[in-house]
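In what follows, chains carry the letters A, B, and so on, assigned in the order in which the sequence lines appear, proteins first and then strands, with residues in each chain numbered from 1.
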Amino acid sequence: MGRRRQRVDPAAGARAGALPEAIAALSRSLPSGPSPEIFRRAKFDRPEATSALWQLLFRVLSPLPAGNALASLALEVQARLVKSALCSQGYPRLALAQLPEDGSQGSRELLLALSWLLARGPVPEQMLAQARVPLGDEMTVCQCEALASPGPPAPHMEAEGPVDVRHVQWLMGKLRFRWRQLVSSQQEQCALLSKIHLYTRGCHSDQSLSHLSVTEAEMLRDPEGGQQVSGAGAAQNLDPAYPKCLHSFGTPGMGPRTFWNDLWLVCEQPGLLPGDWAAPLDPGGASACSLLSPFRALLRTLERENQRLEAVLAWRRSELVFWRWMDTVLGTCAPEVPAAASQPTFLPWVPERGGGELDLVVRELQALEEELREAAERRRVAWEAKAGGCGRGPEWSAARRASREAVEKELGALQQCWERDGGPAQPHGPHRLVRREDGAAGDRDLRAAVVIRTLRSQEACLEAVLRRLQGQCRQELARLVGALPGLIWIPPPGR
Amino acid sequence: MAPPSTQLPKPKSRRRPQSPPWRPRGPSSEPESPSDLGGRSGRGLRLARKEGEKASGAAPEPWFRIGQPGREGAAFPPGRGGLPSRKGRGSSEAANCKETPPPSCCRRTARAGWWPSCREPWTPAHSDNCNWSRACAFAVGCCMPGTRTPGPTGQTSLGPSESRPERPGLGDRAQPPTSELEPTGTRALKPPPGPETNEEDPLPACTPSPQDLKELEFLTQALEKAVRVRRGITKAGERDKAPSLKSRPIVTSSGTTVSAPPHSPGQAGGHASDRRPTKGLCQTTVPAKGHPERRLLSVGDRTRVGMGARTPRPGAGLRDQQMAPSAAPQAPEAFTLKEKGHLLRLPAAFRKAASQNSSLWAQLSSTQTSDSTDAAAAKTQFLQNMQTASGGPQPRLSAVEVEAEAGRLRKACSLLRLRMREELSAAPMDWMQEYRCLLTLEGLQAMVGQCLHRLQELRAAVAEQPPRPCPVGRPPGASPSCGGRAEPAWSPQLLVYSSTQELQTLAALKLRVAVLDQQIHLEKVLMAELLPLVSAAQPQGPPWLALCRAVHSLLCEGGARVLTILRDEPAV
């Protein structure tokens, strides 16, 4: 390190100031904005930096909004969660797992862990993106999610006793009812949303957006913040079909309903003419305006986000210095003894879920293989019977070769879709909804029609899977009960 | 042959169950008059179903008599919903829930007779809190101060409906803050404090308990009483001019601001009707006391979009209270988004911040792609150093990686299945196409084999790895994101839609896919749980038949329909 520094001597002076700058930029770009001093202390393994670093790691590793109750967990709990999260991500150093959880020591280890995370991925960007101020009306479009989601985790609830099947039926009916409720509420939400977009077209300063979003319209409608609901409601991610809604049926409608209220208010309720909000804007009138005003709150969060964005950009420019510094930090640590035998406790490192999940995928793949074998078998027999009479001329073999090549190419493209980094980037993540009557979309924009087409094919496929499963059940039940004499089974009329 | 007793089910043949063990409702919801119950139970069921289909209440309100038949019911003209009908709906749902029987069929002949028609999916009609909270939010919400119709004289006329304009609803909706009117209005009436405090309770409660129902009952009674008293006062023709202290709004837990005094039934009906689509442009001038005229614009032919339009407006009343005094000297014009939405302009400060924001995000995205190679190399170097310093020769397979790989393979499975389906559904035209189809199927088969192979390798690798001291469990919420994604662009991309209908289709399809996903998952779980149950049970007797029917319904019909079993007994 020292040698290198001598070699680039002319820049050494600049570098002396570059490291604090880089660290300051990093700490400004992280959510809670830890003091840069913590990094310096952690290098010397000072205990006073420990708790701040545990908390910072917890924030980085738990993708929860800051206001969540989990943020106020005790330090021990946070430390335990950090350890487990790092372990499941494959963090190599064992020393971390052995740190005391009371925050009394180990700040250097924690600094190493934080750097490990920073080196692996764009942590500040991810954290910013997670907590981005939702200015637009967003809808999450993720083609991969629907296909790759493992579904809701299988409940491992042990029933206390035999469960009446009637209760299951009752629950199922309830679920069906909720599904329909969700559908109708979404339709309504979409109608209102579209209305707002329609009515405010041409209002946005950004020409590509043209119209206001609910948040913006709400801000204009109620600049004073007369109602408390607006802040919470407007900040919601407008995601009608986010599967989470389905999985947590706790109180469906409560959130959306207040949100509709806002939507409805924005859409239908007469408000004051714009111009009124001009008054609280000037500094003189600021005292009259409460701090809770949605407009000011929104503006403030936006400005704060801008500051953090600038910090991230500064960090990106100067991070090289940081990594050189971290090398020296790592150098001060004694190398760990790879003595696996001396490890105190052995716990299963793969959570049960991982193993169970693999089994599930295996079963699914096996079922698919079975189906494919049957289908291919049938086709081959049919084809050979038919193709027996065909000529075997040269054009025939050429056609065969062409077909084979075409199919190979096609299937190769299919394989790219799920491979690690191949394939065209599929649309993914939240998208800002924009209404354009002509449907004109830029290169990077996603068209609703395209998404609809994909969803339709997904729907058809899932329906087929469901029908197949139901058919299996029907056969199985028929086998179980079919032999009984004296009973006539009348299936319900079909759809 | 079927004996006569095994006829196909009819709506009338529904029987009440003998107090199923899971009945979520207490006795307090029991309607008092049996005849009344008989009259509306079927209707209640239908209503619930209808509500499920379109929870948006654009449809006219079915009218129900409230819990105390004969006492107040006559005062509400049918078809004019408002408060009493809401309440009625609440209690009818309660009754309805009692009526919705368990699919028990432990009778001699099991039959599908609970439902009016087996085609109709069974909706458990109730027991979801949102109905309740809605019912009670409506019960109080329709007497918000903001929705009061000003009389022609500018005073809030609270008299019976005959003294009102024929469609008061028009003015209602568009009325700006009128809290000035509040004190001048004659609000001598107030409900007893009990219901006031109680009405907060049912909202947060998750399932309406018998106590909630009872409290609702009390609330209704109190409101009825208030209505009676008011009517008496109106008849006397004398009004208390003193501003009533108790007309202050009550903020319920949902943020609904509610003015306590109820309106007369007629007025309540008026509010119900104001949710209907209105026709024409209604311009009302309200010379309110002590302040300049306010023009109220209510735009006609607005399509009322169901529930949203019916929900109580949160905080409207509160806002009214706050803004009216300050607004008075400025005399602001009424503003509707539809009329003047395009005139809105974002404040300059906001515009500046927002454009800065988007340009910063764009910059971030561009630096993301053109990450400086030096920094990238330094990072890789650091990671390597760390790996060697920790003594491990090569990085272990972490749980997250295993999960990501499993997710990828799952995705592969779905895609392969999708492709197979496409291939099988297409009818080949000539032998060439047929040949291609065959090749494709065989290719798919080979790919599935590869995936399986990869999966076995993965499993072996997981099993081989030496265990590590690692706390089991993961931080809450740290579920793996969708597998196989590229780095997302940081600046949000646009999703362009062209019409309301397109947006609705998109949302509906998204939900449909999610629901199907869940249904498949449920199907698998239920298959694993229920099929052994059937095969283990003794194939004898009505309980077994009932079980078969229930399992068949759940597994083969998604719980929507039930099959019928006839016992073809030999003639005695």
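With respect to the salt-bridge test (charged N to carboxylate O, under 4.0 angstrom), the residues B:E502 and A:R447 do not qualify. Using a cut-off of 4.0 Å between Lys/Arg side-chain N and Asp/Glu carboxylate O, B:E442 and A:R380 are scored as salt-bridged.
In this structure, A:L462 and B:I520 approach most closely via the heavy-atom pair O-CD1, 3.5 Å.
Taking the side chain to side chain donor-acceptor pair (under 3.5 Å) definition, one finds that A:R435 meets it with A:S194, A:E437, B:T500, sequence neighbours left out. Residues satisfying the ring-ring contact (aromatic ring centres under 6.0 Å, His included) criterion with B:Y435, sequence neighbours excluded, are A:W383.
For a residue to count as touching a neighbouring chain, one of its non-hydrogen atoms must lie under 4.5 Å from one of that chain's; by this rule A:L135 touches chain B with the side chain only. Heavy-atom distances place both the backbone and the side chain of A:E459 under 4.5 Å from chain B. Heavy atoms closer than 4.5 Å to chain A are found in the side chain of B:R421, but not in its backbone. Looking at B:L455, the atoms closer than 4.5 Å to chain A (heavy atoms on both sides) all sit in the side chain, from C-beta outward.
Here the side chain of A:R474 pairs a donor or acceptor atom with the backbone of B:C556 at under 3.5 angstrom.
At a threshold of 4.5 Å between non-hydrogen side-chain atoms, the residues A:M172 and B:S553 do not count as touching.
Top candidate by heavy-atom pairs under 4.5 Å with chain B, chosen from A:V168, A:V407, A:L414, is A:V407.
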